[in-house]
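Predicted model only: the values in this text are computed from it and were never measured.
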Amino acid sequence: MPNRTYITAEEKIMPGHKPMKDRLTLALCANASGDCKIKSLLVYHSENSRAFKSHKILKEKLQVMWRANPKAWVTRQFFVQWVNLVFGPSVKKYLQENNLPMQALLVLDNAPAHLPNLKDDILEEFKFIKVLYLPPNTTPIL
């Protein structure tokens, strides 16, 4: 968990103020040139937000892959689903549309959801994707 957080001005002036505990995790992905942006993975603490109910929003039509976890963390299951349902098909489509060889490199940090044997969980049709893990503690440097 972060050791500090952003507190809005309204929260600060309220008597007996406590910082909000509403958290989410957003995983972003794009290629090096930036012309292929992959649908993001968003993990929130509730399956159905109030905004979805009042505005009749379908999660399937969002520009993110919505998942729920009580602590709003990306789990291995969510990450594998994102790789197989979003990342793999998007990369394959991009490579085919641009007449590029079927080769892709997914660079990951050492987050808990990025376990070393991820390549075993990738579907057979996306085996052209190679996974490279950054050494520990390099994410803050980047």
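- Counting only distance, with no hydrogens or angles, the side chain of Asn31 and the backbone of Gly34 share a donor-acceptor pair below 3.5 Å.
- For the salt bridge (charged side-chain N to carboxylate O under 4.0 Å, His left out) test, residues two or more places apart in sequence or in another chain that qualify with Asp121 are Arg76.
- Not one N or O on the side chain of Ser40 forms a donor-acceptor pair closer than 3.5 Å with the backbone of Leu26.
- No more than 12 heavy-atom neighbours from other residues, nucleotides or ligands sit within 6.0 angstrom of CD on Gln63.
- Listed by first then second residue, pairs satisfying salt bridge (charged side-chain N to carboxylate O under 4.0 Å, His left out) with a partner in residues 26-40 number zero, not counting sequence neighbours.
- In this structure a side-chain-to-backbone donor-acceptor pair under 3.5 Å is missing from Asn69 to His45.
- Contact record, Phe87 with Cys29: CE1-SG, 3.7 Å, taken as the closest heavy-atom pair.
- Looking at residues two or more places apart in sequence or on another chain, you find a ring-ring contact (aromatic ring centres under 6.0 Å, His included) between Phe79 and Trp82, His114.
- Every side chain to side chain contact (heavy atoms under 4.5 Å, CB included) that Leu62 has, sequence neighbours left out, goes to Phe52, Ile57, Lys59, Val64, Trp66.
- Checked by atom type and distance alone, the side chain of Ser90 pairs as donor or acceptor with a backbone atom of Val86 at under 3.5 Å.
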Under 3.5 Å, which donor-acceptor pairs link side chains of residues 95-108 to any protein atom two or more places apart or in another chain?
| unit_1 | atom_1 | unit_2 | atom_2 | d |
| --- | --- | --- | --- | --- |
| Asn98 | ND2 | Tyr94 | O | 2.9 |

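- Nearest approach of Leu41 to Val74, heavy atoms of both residues: CD2-CG1, 3.9 Å.
- When the side-chain hydrogen bond (donor to acceptor under 3.5 Å, both in side chains) test is applied to Gln81, the partners found at least two apart in sequence or on another chain are Arg67.
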